[in-house]
Asker: 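This is the structure, below, for whatever I ask next.
Proteins get letters first, then strands, A, B, ... in listed order; numbering begins at 1 in each. Quick caveat: nothing in here was measured; it's all calculated off a predicted structure.
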There are 2 protein chains.
Amino acid sequence: MTDTDDREQEAKRHAERFQRVREAHQTEVAEDYVELIARLIDETGEARVVDLAVWLGVTNATVNNTVQRLQRDGLVTSKPYRSIFLTEAGRELAESSHQRHILVRDFLLALGVGEETAEADAEGIEHHVSAETLTAFRRHLKATKPKKGN
Amino acid sequence: MTDTDDREQEAKRHAERFQRVREAHQTEVAEDYVELIARLIDETGEARVVDLAVWLGVTNATVNNTVQRLQRDGLVTSKPYRSIFLTEAGRELAESSHQRHILVRDFLLALGVGEETAEADAEGIEHHVSAETLTAFRRHLKATKPKKGN
DNA sequence: ACAAAAAGTTAGCCGTCACTAACTTTATAC
DNA sequence: GTATAAAGTTAGTGACGGCTAACTTTTTGT
């Protein structure tokens with residue numbers, strides 16, 4: 001029954017891929033929030049609920065809920081009616097998410113995708129790119145981009 | 001106050017990107033299901049709840065709920081205790097999802113990403129790739145892949 | 001300094017997508 | 001042809017991520 005075994009193995013691998021996608025979904029929101037919080041702090045000095053709401057296109061109430069979850073999960077700290085800060089873990093997650101984001105975006109740009117589309121697609125894609133694929137992106141950028149240094 | 005206006009515009013664009021990602025999320029599950037249903041029908045003659053459950057790595061009960069939603073949304077038909085069929089709309093969605101899936105996968109393979117990683121990443125990425133980016137992927141494949149017909 | 005506006009919070013709601021447990025229906029194996 | 005196994009269904013639960021409405025706190029403008 002090697003055929004059956006093969007089929008079962010394939011189903012198993014298929015299922016594992018889907019489980020990985022589901023897991024990625026659970027961290028997406030957290031990554032988007034900390035990335036934006038880091039940016040707002042960097043550019044404006046602080047991250048407020050109302051700014052996150054505007055930049056994410058959701059209501060204040062939604063931001064509040066999410067920030068509480070992030071706090072529960074040790075990514076941010078905030079006291080009532082005050083602005084939001086990143087913990088060390090939050091800062092690290094923000095930094096790695098940001099690096100990945102710009103790599104994906106730059107890769108799409110290098111492929112000839114337009115600015116706004118690259119930015120938009122990167123937002124969705126970045127959460128689903130493995131380390132191996134990121135490496136491939138980097139390799140491609142190095143191979144094609146060097147406009148000056150060649 | 002052009003600075004403020006610029007900032008507002010940027011925030012607005014940012015928010016729109018996130019809204020697009022959120023919309024994509026709502027269709028992801030539907031796409032994964034119809035794609036798999038089409039495949040199972042093609043390869044085994046029918047799509048049963050238990051097979052979907054195994055291939056997706058979820059329980060029968062979860063598949064049942066989702067299939068009912070898909071039926072409500074006009075993508076599949078099924079009678080109690082019987083196998084699942086695609087509607088015309090479901091078939092079309094399955095076909096376009098499949099095309100997109102193999103394009104993304106082949107693109108990753110062409111970049112030098114390994115088989116299993118390409119397959120896994122494609123599963124997550126495919127739902128977030130715009131038509132423009134797909135075109136860029138196709139262009140890249142044509143430019144690099146032509147092993148025979150050149 | 002105080003009224004009005006802005007920001008933040010809380011409560012309650014809803015849909016999605018998971019789960020388990022208990023049940024019914026269909027298929028299978030004598 | 002009936003008992004058992006497999007498949008499918010239903011009911012109830014829970015987390016997440018969104019919403020509105022009502023409320024409180026802070027900020028702002030005069």
Asker: Once each nucleotide of nucleotides 8-14 of chain C is scored for protein heavy atoms under 4.0 Å, what B/S/- sequence comes out, 5' to 3'?
Answerer: BBB----

Asker: State plainly whether the residues B:Glu116 and A:Arg17 are in salt-bridge range, i.e. N to O under 4.0 Å.
Answerer: yes

Asker: Using a strict cut-off of less than 4.0 Å between a Lys/Arg side-chain nitrogen and an Asp/Glu carboxylate oxygen, indicate whether B:Arg39 and A:Glu10 qualify as a salt bridge.
Answerer: yes

Asker: Testing the basics here: between B:Leu93 and B:Ser96, what is the closest heavy-atom pair and its distance to 0.1 Å?
Answerer: O-OG, 3.2 Å

Asker: What I want to find out is whether B:Glu23 reaches B:Arg20 closely enough, with some N-O distance under 4.0 Å, to be called a salt bridge.
Answerer: no

Asker: Look at A:Glu115 together with B:Arg13 and state whether they make a salt bridge at an N to O cut-off of under 4.0 Å.
Answerer: no

Asker: Please table the atom pairs, donor to acceptor, closer than 3.5 Å between any side-chain atom in residues 56-63 of chain B and protein atoms at least two apart or in another chain.
Answerer:
from: B:Thr59; atom 1: OG1; to: B:Thr62; atom 2: N; distance (Å): 3.3
from: B:Thr59; atom 1: OG1; to: B:Thr62; atom 2: OG1; distance (Å): 3.1

Asker: Assert yes or no for the condition that the ring centre distance of A:His127 to B:His128 is strictly below 6.0 Å.
Answerer: no

Asker: Check each residue of residues 15-42 of chain B for a non-hydrogen atom within less than 4.0 Å of any atom in DNA chain C, then write out the ones that pass by number, or none.
Answerer: B:Val29

